[in-house]
Amino acid sequence: MDTALITGASRGIGAALASELTDRTYDVIGTSTKGGNGLHALDVTDPHSVTALADSLKDRPIGLLVCNAGLYLDKGQPLDTGYPPEMWAKEFAVNVTGVFLTVQAFLPALRASRGKIAIISSQMASHTRAPGGAYIYRASKAAALNLGRNLASELKNDGIPVGIYHPGWVQTDMGGAAADITATEAATGLADRFAELSLSSTGCFETWDGRPHAY
């Protein structure tokens with residue numbers, strides 16, 4: 001049984017992915033900032049927290065690492081007076097630096113099983129979707145996309161494929177009740193994408209339902 005580690009698994013897409021991957025016979029390790037309710041405590045912005053979790057799990061090869069933890073703090077911010085510097089710092093710390101720190105800490109466990117890395121980005125990362133607004137979220141998800149593409153190149157020789165995914169517009173606290181699909185639908189599609197991910201498709205940027213997305 002492969003082990004899957006999912007960051008940000010307390011609710012929304014992360015919780016749905018934990019359920020879906022468990023149904024697909026993964027041994028799922030879910031994390032949240034505070035832990036509890038069966039989740040491991042992990043603050044992806046804190047190198048000591050990330051290292052501590054990796055050390056505690058060092059005897060367990062990771063077959064799938066899902067970097068799902070994310071923030072969207074700048075929704076509705078006005079261009080003229082919004083987007084304060086501390087908001088930029090906090091959102092990038094989770095959406096970009098947190099992804100890198102998590103991947104870095106779990107590289108030994110991924111190499112041990114030639115595991116896969118899945119980075120949850122967004123279609124808002126694409127240069128083809130630039131209507132303005134949500135500047136921090138768009139920029140951070142674009143950075144996560146770029147990070148994933150570069151990791152895919154560097155880790156290919158280690159046998160570790162990396163996929164970057166748009167999860168859809170999902171009915172979560174972040175996506176809102178008017179969104180297109182449920183978290184369960186998103187998780188089912190994403191789990192299918194993770195299963196298909198291989199070295200031949202590493203670096204892909206795909207939607208939850210399997211469509212290639214423009215970078």
Side-chain angles (χ1 to χ4, degrees), residues 2-18 21-22 26-73 86-122 125 136-137 139-156 158-165 167 174 190 194 197 202-203:
D2 277 343
T3 296
L5 175 65
I6 306 170
T7 65
S10 63
R11 59 183 178 174
I13 296 169
L17 276 170
L21 292 174
T22 298
Y26 276 92
D27 179 15
V28 174
I29 301 169
T31 79
S32 68
T33 304
K34 295 182 179 179
N37 296 319
L39 299 174
H40 291 257
L42 175 65
D43 178 353
V44 297
T45 71
D46 180 356
H48 299 293
S49 177
V50 180
T51 300
L53 180 60
D55 287 345
S56 73
L57 299 173
K58 63 183 178 181
D59 295 326
R60 298 177 67 174
I62 301 297
L64 174 63
L65 172 62
V66 183
C67 296
N68 169 73
L71 287 181
Y72 185 7
L73 303 176
E86 58 269 21
M87 188 178 286
W88 281 90
K90 188 171 184 178
E91 210 160 324
F92 263 77
V94 174
N95 295 353
V96 186
T97 309
V99 173
F100 182 80
L101 292 177
T102 304
V103 170
Q104 187 178 53
F106 284 94
L107 273 177
L110 287 160
R111 287 181 172 130
S113 63
R114 288 182 173 249
K116 304 178 181 184
I117 298 170
I119 297 172
I120 305 302
S121 180
S122 169
I136 305 174
Y137 188 75
S140 67
K141 288 300 186 179
L145 169 58
N146 182 276
L147 175 61
R149 293 276 291 168
N150 280 279
L151 286 169
S153 295
E154 187 156 356
L155 294 176
K156 192 168 187 178
D158 289 320
I160 300 173
V162 182
I164 308 100
Y165 301 96
M174 187 182 292
L190 288 168
F194 304 162
L197 178 63
T202 192

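Position 1 is the first residue of the sequence, and the numbers go up from there.
- The two residues Ala105 and Val50 have their closest heavy-atom pair at CB-CG1, 3.4 Å.
- With a 4.5 Å cut-off on side-chain heavy atoms, Ile160 and Ile117 count as touching.
- Distance check: Leu110 CG to Leu64 CG gives 8.5 Å after rounding to the nearest 0.5 Å.
- Looking at Asn95, its side chain never comes within 3.5 Å of a backbone N or O of Lys141 through a donor-acceptor pair.
- Rounded to the nearest 0.5 Å, atoms CG (Asp158) and CG (Leu151) are 11.0 Å apart.
- Proximity of Val66 to Ile120: side-chain heavy atoms (C-beta onward) are separated by under 4.5 Å at one or more points.
- Ring geometry for Tyr165 versus Phe194: interplanar angle over 60°, hence perpendicular rather than tilted (30 to 60°).
- In this structure a side-chain-to-backbone donor-acceptor pair under 3.5 Å is present from Lys116 to Leu197.
- Side-chain atoms of Thr202 come within 3.5 Å of backbone atoms of Val162 as a donor-acceptor pair (strictly under, hydrogens ignored).
- Note that CD1 of Ile6 and CD1 of Ile13 are 11.5 Å apart. Values are rounded to the nearest 0.5 Å.
- Considering every non-hydrogen atom in both Ala139 and Trp88, the closest pair reads CB-CZ3, 4.0 Å.
- Here the shortest heavy-atom pairing between Gly70 and Val94 reads CA-CG1, 3.7 Å.
- Rounded to the nearest 0.5 angstrom, Leu53 CG and Leu57 CG are separated by 4.5 Å.
- No more than 12 heavy atoms of other residues, nucleotides or ligands sit less than 6.0 Å from atom CG of Asn37.
- Annotation for Gly8 and Asn68: closest pair O-ND2, 2.9 Å, computed over non-hydrogen atoms.
- Of all non-hydrogen atoms in Thr22 and Ala18, the two that sit nearest each other are OG1-O, 2.7 Å.
- A donor-acceptor pair is defined here as one N or O able to donate and one able to accept, closer than 3.5 Å; such a pair exists between the side chain of Ser113 and the backbone of Ile62.
- Of the residues listed (Leu17, Leu5, Thr3, Asp2), the one engaging Tyr26 in a side-chain contact (heavy atoms from CB on, under 4.5 Å) is Asp2, and it is the only one.
- Other residues, nucleotides and ligands contribute at most 12 non-hydrogen atoms within 6.0 Å of the CD atom of Glu154.
- Between Asn150 and Ser153, every side-chain heavy-atom pair lies at or beyond the 4.5 Å cut-off.
- Asn146 contributes no side-chain N or O that, together with a main-chain N or O of Ala142, makes up a donor-acceptor pair within less than 3.5 Å.
- Taken from CG in Leu73 to CD in Glu91, the straight-line distance is 4.5 Å, to the nearest 0.5 Å.
- To the nearest 0.5 Å, atom CZ of residue Arg114 and atom CG of residue Leu155 are 11.5 Å apart.
- Residue Pro167 comes nearest to Leu190 through the heavy atom pair CB-CD1, 4.0 Å, listed as atom of the first residue, atom of the second, then distance.
- A donor-acceptor pair is defined here as one N or O able to donate and one able to accept, closer than 3.5 Å; such a pair exists between the side chain of Thr7 and the backbone of Ala69.
- In this structure, the side chains of Ile136 and Leu71 stay at 4.5 Å or more apart for every pair of heavy atoms.
- When side chains are defined from C-beta on, Val44 does not count as touching Val99, because their heavy atoms never get closer than 4.5 Å.
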